[in-house]
Amino acid sequence: SSISNNFINIPVDKTNEEISLSIESIGQLIEADNCFIYSFSEDLTEMKKLFYWASENGLQENDSLKTIQITSFNWALRKLNNNESIYVDSAASLPLNAVEELSFYISAKVDSLIIVPLFADKKLYGIFGISSSNKKVFWKEEDTYFLRTAGEIFVNAIQKNNSDHALKESEERLRNLYESMAQGVIYQDNQGKIIFANPAAVKILGISREKMNEFTSFYSFSEAIHEDGSNFPFDEHPAFLAFKTGKPVEKALLGISNPTEKQKKWIVINSVPEFRENETNPFRVFSTFTEITELKNVQDELKKSRNEL
């Protein structure tokens, strides 16, 4: 239970360190020379070292142990796929159909070992095991059970760690996209408060992020107007309508006054409500907008020229 407790609410950046410390403790407790965790490739042709501990008498970590080809380990893979543990008290006790496994154990100077399968999402993920070098060891059945229990804890921690890292990487990519894109992006909570704005939004609107944070209700862009020049009240704003109706509002054209550049700009805005699971009211709105001022000015000039003809 102490191992399980160590992984409760552990920070992501401490997971690998905690697993390394744990397999060392297990190896010493069971009096093994080596304790290790390997993950399998999708096609079960090789296994890669994730964690490895060796005592002074154990097989020390080297390049040959980092990636091991297992294509011909038919006997071992069959047992592991059947969720069976492998317990060998000496290399000589391996069955006749485990020829390739025997060759590997001899070359690796392994004598006794226990290997338990690790499953993730009901699929064989890898192995967790202990071994002794050049000596026969008779481990008990409860040692195998202990390794299985610890292995489940480890693979859950590894999977969570991988998921957290993948999520962080995804968030970082999304953040980089928002920061570099030419479109303005704004998130508003269910009170209309702006909780995120990317650099393009700041530039197009001419309002600093600090100023945006002061808005505590649905903000009607300064002197916002329709294409015909009439006022654009806040209750017609796409973000407000998306919250009110729970439906996306697309391609709304707004004229706004940019206080920084002191000029009128035209934007096309899309607002999409976002919902939490099993909730019917939006908890925030995601708005994107593109500045089309130059295009709008060209269209207005062409229209004016046609009218003068």
Which pairs of donor and acceptor atoms, one on a side chain in residues 117-127, lie under 3.5 Å apart (sequence neighbours left out)?
residue, atom, partner, partner atom, Å
Lys123, NZ, Glu42, OE1, 2.4

Surrounding [atom1] of [X] (heavy atoms of other residues, nucleotides or ligands, distance under 6.0 Å), is the total greater than 12?
X	atom1	value
Glu227	CD	no
Glu294	CD	no
Glu141	CD	no

Compute the ring centroids of Phe154 and Phe128, then answer whether they are less than 6.0 Å apart. yes

Between Trp266 and Leu254, does a side-chain contact (heavy atoms from CB on, under 4.5 Å) hold up when you go through it step by step? CA-CA 6 Å; Trp266 290 95; Leu254 277 76; 5.8 Å; no

Before you tell me yes or no, could you show the steps for Ile267 and Thr290 under side-chain contact (heavy atoms from CB on, under 4.5 Å), namely the whole-Å CA-CA distance, both residues' side-chain angles and the distance that decides it to 0.1 Å? CA-CA 5 Å; Ile267 62 174; Thr290 304; over 6 Å; no

Could you give the side-chain donor-acceptor pairs of residues 240-249 under 3.5 Å, partners two or more places apart or in another chain?
residue, atom, partner, partner atom, Å
Thr245, OG1, Leu241, O, 2.7
Thr245, OG1, Lys247, N, 3.2

Side chain to side chain donor-acceptor pair (under 3.5 Å) contacts in which one or both residues fall within residues 100-109, not counting sequence neighbours: none

N/O donor-acceptor pairs under 3.5 Å from side chains in residues 70-81, not counting sequence neighbours:
residue, atom, partner, partner atom, Å
Thr71, OG1, Thr45, O, 3.4
Lys79, NZ, Glu84, OE1, 2.9
Asn81, ND2, Leu77, O, 3.3

Glu46 and Ser41 side chains, donor-acceptor separation under 3.5 Å: no

Lys/Arg N to Asp/Glu carboxylate O, [X] vs [Y], below 4.0 Å:
X	Y	result
Asp164	Lys168	no
Glu172	Arg175	yes
Lys304	Asp300	no

Honestly curious: do Val185 and Val272 fall in one hydrophobic cluster under the side-chain, below-4.5 Å linking rule? no

Heavy-atom closest contact (Ile26 atom, Cys35 atom, distance): CG2-SG, 4.3 Å

Quick one: do Tyr187 and Tyr178 satisfy side-chain contact (heavy atoms from CB on, under 4.5 Å)? Show the steps, please. CA-CA 12 Å; Tyr187 278 93; Tyr178 284 160; 3.2 Å; yes

Donor-acceptor pair, side chain of His226 and main chain of Asp228, under 3.5 angstrom: no

Keeping the roles fixed (side chain from Asn270, backbone from Lys251), state whether a donor-acceptor pair exists under 3.5 Å. yes

For the pair Gln28 and Trp53, evaluate side-chain contact (heavy atoms from CB on, under 4.5 Å) and give the outcome as yes or no after the intermediate values. CA-CA 10 Å; Gln28 293 172 341; Trp53 170 82; 3.8 Å; yes

Co-members of Val298 in a cluster of I, L, V, M, F, W and Y side chains, linked at under 4.5 Å: Leu302

For a quick test of your reading: what N or O donor-acceptor pairs under 3.5 Å do the side chains of residues 199-207 make, sequence neighbours left out?
none

